[in-house]
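A quick write-up on the structure given underneath.
What you see below is based on every heavy atom in this structure, not just the backbone, and it leaves out hydrogens, waters and symmetry mates.
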Amino acid sequence: MTDNAQPGRVGYREIADDLRRQIDSGELQPGSKVPGENDLTSRYGVAHLTARHALDVLKSEGLIIAKRGSGTFVREFKPIRRVSPDRLQASNSWGSGQPIWTTDVGTRPRTENVTVDIELPPVSIAKVLGIDDGTRVVVRRRTYVVDDKPVQLATSYYPEALVAGSAISEINTGEGGAYARLKDLGHEPVRFREELRVRMPREAEHKALDLTQDTPIILIVRTAYTADEQPVEVNEMVLDSAAYVLEYKFTSQD
C-alpha cells in the first residue's frame, strides 16, 4: 500500500489489512501508537469514515486499543495459552498443590475475585449433575484478571450434599483448589468433558470482561467425573477470545 493512493481506490478492509500486516510483522510493536484517522486519510487518500472503519476492524479483533486523550495503540497484552489436556492432569497442577489457573498464566501478575453461594441450579446444570429438582448446589463464581485485564469469568456448580462443610463452600479452597478438596472428600475427578463454542457476549459479560467492540467470547463448559462416572462439577467458563490461544494435544491411536 502506498502513501499516494488515490481517493476512492482504497477501502477500509484494505487499510485494516495493511495495518494488521504491520502489526504481525513487528513493524508496529506492542504499545506503539497506530496512525490516527487524520494520518490514514492522508496516507491512503480516503475519507475519515473509511479510516474510522479500518481502525474499528482492528479494535474488534483485539489488536489495537484506544486510550482516551492519547490515541490508538497496538495492544500489549500477551495472549494466554490454555493447553489441554495437560492443564487438567493432577501431576501438573492441582495434584501437586497448584491451582489449574497457574498452569495457564505462570508467574504473570494475576488476581482472582471469588464469590460463593448456595442456590437452586439451572435445569441444564441439574440434569448434567444428575440431581433432582429442588436440590441445591454450591456455586463458585470467579473473575480472573491478568496484567490488570479481566480475561475470564467462571461459574462452577457442585451438589451441596457432596461438598457441604468442605473448603469448596469457602472463598479459599486451599492448596490445589476445588479438585484437591474433591479428592479429600473421596470424589477425585479423573475424567473431564469439555464443550466449546463461540458466540457474541451478553451485556453483563461484555461489561465484566471490558471487551472491545464486536469481540466474541469463547464459552467452555467442563464436566468433571469420578472413576465411577459420577459428575461432581460443572464449570461454565467465559473467555475473552482476544486474550486466549487454545492448544489441544492428541495422541494418535490405532
Does any N or O in the side chain of [X] come within less than 3.5 Å of the main-chain N or O of [Y], such that one atom is a donor and the other an acceptor?
{"X": "Ser42", "Y": "Asp39", "answer": "no"}
{"X": "Thr143", "Y": "Asn113", "answer": "no"}
{"X": "Arg43", "Y": "Asn38", "answer": "no"}
{"X": "Thr50", "Y": "Val46", "answer": "no"}

Worked verdict on Glu195 versus Arg193 for salt bridge (Lys or Arg N to Asp or Glu O under 4.0 Å): CA-CA 7 Å; Glu195 297 178 334; Arg193 180 175 182 265; 2.9 Å; yes
Nearest non-hydrogen partners of [X] and [Y], listed with the distance:
{"X": "Pro159", "Y": "Val232", "answer": "CD-O, 3.7 Å"}
{"X": "Ser169", "Y": "Val116", "answer": "O-CG1, 3.5 Å"}
{"X": "Gly26", "Y": "Gln29", "answer": "O-NE2, 2.6 Å"}
{"X": "Ile100", "Y": "Leu88", "answer": "CD1-CD2, 3.7 Å"}
{"X": "Tyr144", "Y": "Ala154", "answer": "CE1-CB, 3.9 Å"}
{"X": "Ser60", "Y": "Val57", "answer": "OG-O, 2.7 Å"}

Ion pair present between [X] and [Y], side-chain N to carboxylate O less than 4.0 angstrom?
{"X": "Arg141", "Y": "Glu119", "result": "yes"}
{"X": "Glu205", "Y": "Lys207", "result": "no"}
{"X": "Arg87", "Y": "Asp104", "result": "yes"}
{"X": "Arg75", "Y": "Asp147", "result": "no"}
{"X": "Asp24", "Y": "Arg21", "result": "no"}

Can you tell me how far [atom2] of [Y] sits from [atom1] of [X], rounded to the nearest 0.5 angstrom?
{"X": "Glu27", "Y": "Leu19", "atom1": "CD", "atom2": "CG", "answer": "9.5 Å"}
{"X": "Gln152", "Y": "Leu239", "atom1": "CD", "atom2": "CG", "answer": "4.5 Å"}
{"X": "Leu120", "Y": "Glu160", "atom1": "CG", "atom2": "CD", "answer": "9.5 Å"}
{"X": "Ser84", "Y": "Glu194", "atom1": "OG", "atom2": "CD", "answer": "5.0 Å"}
{"X": "Thr226", "Y": "Glu188", "atom1": "OG1", "atom2": "CD", "answer": "9.5 Å"}

Linking I/L/V/M/F/W/Y whenever their side-chain heavy atoms sit closer than 4.5 Å, directly or via other members, would [X] and [Y] fall into one cluster?
{"X": "Val138", "Y": "Ile171", "result": "yes"}
{"X": "Leu246", "Y": "Val198", "result": "yes"}
{"X": "Tyr12", "Y": "Val10", "result": "no"}

Intermediate values then yes/no, side chain to side chain contact (heavy atoms under 4.5 Å, CB included), Asn235 and Met237: CA-CA 6 Å; Asn235 186 2; Met237 293 160 277; 3.7 Å; yes
Neighbour count above 12 (heavy atom, 6.0 Å) for Glu203 CD: no
More than 12 heavy atoms of other groups within 6.0 Å of Asp148 CG: no
Thr223 and Arg191: CA distance, side-chain angles, deciding distance, side chain to side chain donor-acceptor pair (under 3.5 Å) verdict: CA-CA 8 Å; Thr223 306; Arg191 185 175 73 83; over 6 Å; no
Hydrophobic cluster (4.5 angstrom, side-chain heavy atoms) - remaining members for Leu209: Ile125, Val128, Leu129, Ile131, Val137, Val139, Leu153, Tyr157, Leu211, Ile217, Leu219, Val221, Val234, Val238
Pair Lys149-Asp240, side chain to side chain contact (heavy atoms under 4.5 Å, CB included): steps then yes or no: CA-CA 10 Å; Lys149 186 195 182 308; Asp240 174 359; 2.7 Å; yes
Criterion salt bridge (Lys or Arg N to Asp or Glu O under 4.0 Å) on Asp117 and Arg140, from CA distance to verdict: CA-CA 7 Å; Asp117 298 287; Arg140 298 183 59 83; over 6 Å; no
Stepwise side chain to side chain contact (heavy atoms under 4.5 Å, CB included) check, Thr103 with Val83: CA-CA 8 Å; Thr103 67; Val83 182; over 6 Å; no
Can I get a per-line list of side-chain donor-acceptor pairs under 3.5 Å for residues 176-187, giving both atom names and the distance, sequence neighbours left out?
residue: Tyr179; atom: OH; partner: Arg222; partner atom: NE; Å: 3.1
residue: Tyr179; atom: OH; partner: Arg222; partner atom: NH2; Å: 3.2
residue: Tyr179; atom: OH; partner: Glu233; partner atom: OE1; Å: 2.4
residue: Arg181; atom: NE; partner: Asp184; partner atom: OD2; Å: 2.8
residue: Arg181; atom: NH1; partner: Thr173; partner atom: O; Å: 2.8
residue: Arg181; atom: NH1; partner: Glu175; partner atom: O; Å: 2.8
residue: Arg181; atom: NH2; partner: Glu175; partner atom: O; Å: 3.3
residue: Arg181; atom: NH2; partner: Asp184; partner atom: OD2; Å: 3.0

Verdict with reasoning, Val151 to Val145, per side chain to side chain contact (heavy atoms under 4.5 Å, CB included): CA-CA 6 Å; Val151 295; Val145 179; over 6 Å; no
Cation-pi check, Arg82 onto Tyr244 ring (under 6.0 Å, within 45° of axis): no
Pair up each side-chain donor or acceptor in residues 62-72 with any protein partner under 3.5 Å, not counting sequence neighbours, and list the distances.
none

Stepwise salt bridge (Lys or Arg N to Asp or Glu O under 4.0 Å) test for Asp56 and Arg13: CA-CA 10 Å; Asp56 285 344; Arg13 293 190 183 279; over 6 Å; no
